[in-house]
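Here the structure is a predicted model, which means the values were calculated and not measured.
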Amino acid sequence: MANSASGMNVSDECKIKFLELKAKRTYRFIVFKIDEKAQQVEIEKLGNPEETYDDFTSSIPDDECRYAVYDFDFTTEDNCQKSKIFFIAWSPDTSRVRSKMLYASSKDRFKREMEGIQVELQATDPSEMSLDIIQGRVNNL
């Protein structure tokens, strides 16, 4: 059983699907949730490559914590097509305190398991992970 210092275990499926998103661009996004009974992080939703950022944000519950990765495509000022993998730690104010603590204590371990995350975003409100915020973060890289 994982303790709160080390965080939750991350299922092999999470790692495999993340590698597919990173290397093959099989998915646009992945939403992860912690299964408290199983003591591990599992996949809740896989987003197809053609899904939009709105599809992604509507896949995240309003009042429950989640981790998510999003493969964001953009064009640089030099007109180069690029993409960055965003890690979003969603912890809304309306979620349970225990849940917030669990996600907070497991975040670092989860991120270590997902090698290749390029930008991290912490959000407690939908406005903190709006498309404008995402765009702003890639412009500042």
_R112 vs R109, test: side-chain contact (heavy atoms from CB on, under 4.5 Å). Steps then yes/no._
CA-CA 5 Å; R112 275 196 308 274; R109 177 171 181 184; 3.7 Å; yes
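- Side chain to side chain, R25 and S83 meet the donor-acceptor criterion of an N or O pair below 3.5 Å.
- Of the inter-residue distances, the one linking S127 atom OG with D132 atom CG reads 10.5 Å to the nearest 0.5 angstrom.
- To the nearest 0.5 Å, atom CG of residue D12 and atom CD of residue E113 are 9.0 Å apart.
- Here the options are K107, K84, R137, the test is salt bridge (charged side-chain N to carboxylate O under 4.0 Å, His left out), and the partner is E120; only K107 passes.
- Heavy atoms of other residues, nucleotides or ligands lying less than 6.0 angstrom from CD of E50 number more than 12.
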*Report the C-alpha distance between L21 and I30 in whole Å, list the side-chain angles of each, state the deciding distance to 0.1 Å, and finish with yes or no for side-chain contact (heavy atoms from CB on, under 4.5 Å).*
CA-CA 8 Å; L21 175 143; I30 306 172; 4.0 Å; yes
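- Between E36 and R96, at least one side-chain nitrogen of the basic residue sits less than 4.0 Å from a carboxylate oxygen of the acidic one, meeting the salt-bridge criterion.
- Distance alone, capped at 3.5 Å, is enough to place a donor-acceptor pair between the T76 side chain and the C80 backbone.
- When the options K82, R28, Q81 are evaluated for a side chain to side chain donor-acceptor pair (under 3.5 Å) with D73, the one that passes is R28.
- Checked against the 6.0 Å centroid threshold, F87 and F110 count as a close aromatic pair.
- A heavy-atom distance below 4.5 Å is not found between the side chains of N139 and E77.
- You'll find the ring centres of F86 and Y70 outside the 6.0 Å limit.
- V31 places a side-chain heavy atom less than 4.5 Å from the side chain of I60.
- The structure places OG1 of T26 at 12.0 Å from CD1 of I16, a figure rounded to the nearest 0.5 Å.
- D35 contributes a side-chain N or O that, together with a main-chain N or O of K37, makes up a donor-acceptor pair within less than 3.5 Å.
- With a 4.5 Å cut-off on side-chain heavy atoms, Y53 and S130 do not count as touching.
- For the pair L121/I133, a side-chain contact is recorded, criterion being any heavy-atom separation below 4.5 Å from C-beta on.
- You'll find the side chain of V69 reaches within 4.5 Å of the side chain of F32, heavy atoms only.
- Note that CG of L46 and OH of Y27 are 5.0 Å apart. Values are rounded to the nearest 0.5 Å.
- A donor-acceptor pair is defined here as one N or O able to donate and one able to accept, closer than 3.5 Å; no such pair exists between the side chain of Q135 and the backbone of L131.
- One finds the NZ atom of K15 at 14.5 Å from the CD atom of E20 (value rounded to the nearest 0.5 Å).
- No donor-acceptor pair closer than 3.5 Å links the side chain of S91 to the backbone N or O of K100.
- A donor-acceptor pair is defined here as one N or O able to donate and one able to accept, closer than 3.5 Å; no such pair exists between the side chain of S99 and the backbone of S95.
- With respect to the salt-bridge test (charged N to carboxylate O, under 4.0 angstrom), the residues E13 and K17 do not qualify.
- Between Q40 and I34 the shortest side-chain heavy-atom distance does not fall below 4.5 Å.
- Comment: K45 engages E51 in a salt bridge, judged by a side-chain N to carboxylate O separation of less than 4.0 angstrom.
- Counting only distance, with no hydrogens or angles, the side chain of Y103 and the backbone of C65 share a donor-acceptor pair below 3.5 Å.
- D54 and T52 share no donor-acceptor pair across their side chains, judged by distance under 3.5 Å alone.
- Cluster annotation: M101 is not connected to V10 through the hydrophobic network of ILVMFWY side chains, with a link wherever side-chain heavy atoms come within less than 4.5 Å.
- Between the side chain of E44 and the main chain of K33, no donor-acceptor pair closer than 3.5 Å is present.
- Counting heavy atoms from C-beta outward, V41 and Y67 have side chains that approach closer than 4.5 Å.
- Using a distance-only test at 3.5 Å, with no hydrogens or angles considered, no donor-acceptor pair links the side chain of E64 to the main chain of P61.
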